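Small disclaimer: the values here were computed from a predicted structure and weren't measured. Every chain is numbered from 1 and lettered A, B, ... according to where its sequence line falls, protein lines coming before strand lines.
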Protein chains: 2
Amino acid sequence: MTSTLPSPPDARSALLGAATRLIRERGYAATSVNDLCREAGVSKGAFFHHFASKDELAVEAAKNWSAVTGALFREADYHLHERAADRVFAYLDLREDLLAGAVSEFTCLAGTLVQEAHGEDAIRAACAESILGHAATLESDIAQALADAGVPHSVTAQSLARHTQAVLQGAFILAKAEGDAAPVREGIGHLRQYLTTLFTPSAERSAP
Amino acid sequence: MTSTLPSPPDARSALLGAATRLIRERGYAATSVNDLCREAGVSKGAFFHHFASKDELAVEAAKNWSAVTGALFREADYHLHERAADRVFAYLDLREDLLAGAVSEFTCLAGTLVQEAHGEDAIRAACAESILGHAATLESDIAQALADAGVPHSVTAQSLARHTQAVLQGAFILAKAEGDAAPVREGIGHLRQYLTTLFTPSAERSAP
DNA sequence: CAACATACCGACCGGTCGGTCTGTACGCTA
DNA sequence: TAGCGTACAGACCGACCGGTCGGTATGTTG
C-alpha cells in the first residue's frame, strides 16, 4: 500500500507539469496545445477531456503552482527559528538556495503568466492569488519582527511582505535579460540589508 | 523650416508605435503581424518592407523604447538638484508621477518583452540594453550620494541602480496581477526608505 | 449480462499564423 | 522621356492554431 494521495488521473498532472515547464521556458502564448500534449506524452483528446480550453489549463496550472510551492515553503525549515527576524532572513536564505539550474527552472510561473495574460481575468486572478497568497504567508513573521524592534514603523507588514515578492519578481526579469541568476542574488542581498535596518531597534542604532 | 530629424518613413514609426502599444497590452506572442498592421494603419507589404521579420520588429521596438524613454529621462528636471541624493529621490518622484492611466500605459515594454522572448537572443540583448542602460544613467548620482554619506558601504552604486529597476519591474508584475498602480507606489516607497538609510551618514544615525 | 461512465485517441475543422511575391505609384536623375 | 530605386499594396502560401467529434478500451453497477 503506497502513500499516494487519491491521485487525479495521470494525464491531468502530466499536462500540468508540462504547462509549468513550457510556460516558464517560452511563455504562455508561445506554447501551443500540441506542444503541451507532446511534452506530457498525451493525446489532444486527453487534453480537452481534462480541460475545457487552453485558458482553463493556465488557470489550473497557476493553482497547481500555488499548491506545490505552498507545500514547499510550508514544510521548510526556516519556520523553526525562535526569533521572528531570523525566520524572515532564513526565508531569504532559502530563496537564494533555490536558485539552481537554468533561468526557467527558478523563475516564477505565476509572474511569467500574469505578465502575458493579465488581460484574461481568470488567469490574472489565479496568478494574483499565487503571488499575494505566498506574500501573506510571510506577514506574521514580518509583523512580529517589526514589533520586536519596538519602534513605530511607517511601513506595514503586508506592504513589506509584498515588497519581498516584488523584488524577487523584478530580479527574475533582470535574470532573464542577463541570462543569469546573479541579479536575483543581488536583489535578495538588498532585501536583507533593507530588512536589517527595519528590524534593528532604534535604541541600538542611536547608541551603538 | 521645421526641426524634424531627417525623419524615417512614416509607416516604420507607425509600426514601432503600434508594437509598443500592443505588446504592452497583450504581450509579444499574442500580437500578430496583422494586428500590428491594422493598428498602425499600414499594409502587410509595408511591414515586411521595413522589417525582415516579426522578431526584427521586436528588436527595433526595444531600441526605439530605449531612445524614447532615454530622451524623457535625460531631459527631465530631476538632474537640476544640487545634492546627489536629492537627484535620486527626485528621480523616484518622477517615476511615481509617470504612473497614470491603465496598467499597460505605465509598464515597461522591455520588461514585458524580455520575460516572454528571452529565448530569442537578439530580443533578449535589446531588452537587457534598455533596462540596464537606463539603470546605468542613475549610477553616478547614486555613487555620489553614497560618497556624500561618507561611510564605507557594502553595496556598489551599480548594484543599487539595478536594484531600483528590479523593484520597478517587480512592482509592475504585481500591478498587472492586481490591475492597479498601487503596488508600484508602494515599491517606490520602500525604495525611498531603503535609500534614505543608505544615504544617511552614520554619524547622524548614531547621534540623532 | 446490459447499461452507463470515465478516460482517452487522433483525424479533422475553419481560421489565423508569419512570411512571400507580383504589381504599381511616385520621385529622382539624365 | 526613359530608366531606376524606394515605398508601399494586398493576394496568396503552407504550416500550424485552438477546438470538435466519432469512436474505443476499460471499468463499475445492477
Side-chain angles (χ1 to χ4, degrees), chain A residues 2 4-23 25-62 64 113 116-117 119-124 126, chain B residues 4-23 25-62 64 113 116-124 126:
Chain A
T2 59
T4 50
L5 297 175
S7 70
D10 205 45
R12 189 187 149 90
S13 44
L15 282 163
L16 255 11
T20 303
R21 282 190 299 280
L22 294 186
I23 294 171
E25 253 169 51
R26 7 174 153 159
Y28 176 59
T31 300
S32 74
V33 173
N34 283 336
D35 290 341
L36 291 164
C37 293
R38 201 176 310 123
E39 173 82 8
V42 307
S43 71
K44 215 165 176 178
F47 185 103
F48 286 100
H49 174 73
H50 290 288
F51 306 100
S53 65
K54 190 189 170 190
D55 277 9
E56 192 189 289
L57 169 74
V59 171
E60 294 305 311
N64 179 64
L113 198 46
E116 257 190 277
E120 284 298 315
D121 207 67
I123 298 177
R124 203 217 81 246
Chain B
T4 50
L5 298 175
S7 71
D10 205 48
R12 190 187 147 90
S13 42
L15 282 164
L16 256 11
T20 303
R21 282 190 299 280
L22 294 186
I23 294 171
E25 253 169 51
R26 3 174 156 161
Y28 177 59
T31 300
S32 74
V33 172
N34 282 336
D35 290 341
L36 259 1
C37 292
R38 200 175 311 122
E39 173 82 8
V42 307
S43 70
K44 215 164 176 178
F47 185 104
F48 286 99
H49 175 72
H50 289 289
F51 305 100
S53 65
K54 191 190 171 191
D55 277 8
E56 192 187 290
L57 168 76
V59 170
E60 294 304 311
N64 179 63
L113 198 46
E116 258 189 275
H118 59 109
E120 284 297 316
D121 207 67
I123 298 177
R124 203 218 81 245

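Not counting sequence neighbours, the partners of Lys54(B) by the side chain to side chain contact (heavy atoms under 4.5 Å, CB included) test are Tyr28(B), Val33(B). Ala40(B) meets the side chain to side chain contact (heavy atoms under 4.5 Å, CB included) test with Ala14(B), Leu15(B), Ala18(B), Val42(B); sequence neighbours excluded. Listed by chain and number, the residues in a side-chain hydrogen bond (donor to acceptor under 3.5 Å, both in side chains) with Glu25(B) amount to none (sequence neighbours excluded). Every side chain to side chain contact (heavy atoms under 4.5 Å, CB included) that Ser43(B) has, sequence neighbours left out, goes to Ala46(B).
Phosphate proximity of dC8(D) to His50(B): present, with a side-chain N or O under 4.0 Å from OP1 or OP2. Proximity of His49(B) to the phosphate of dC8(D): no side-chain N or O atom is located under 4.0 Å from OP1 or OP2.
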5' to 3', nucleotides 9-17 of chain C under a 4.0 Å protein heavy-atom cut-off (B base, S sugar-phosphate only, - none) gives BB------S
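Residue Leu22(B) contributes atom CG, which lies 12 Å from atom P of dG18(C) at whole-angstrom precision. Distance CG (Asp10(A)) to C1' (dT26(D)): 16 Å, rounded to an integer number of Å. What separates CZ of Phe51(B) from P of dA7(D) is a distance of 12 Å, to the nearest Å.
The list of salt bridge (Lys or Arg N to Asp or Glu O under 4.0 Å) pairs with a residue in residues 27-49 of chain B, not counting sequence neighbours, reads Arg21(B)-Glu39(B), Arg26(B)-Asp35(B), Asp35(B)-Arg38(B).
Among all heavy-atom pairs drawn from Thr31(B) and Leu36(B), the shortest one is CG2-CD1, 3.4 Å.
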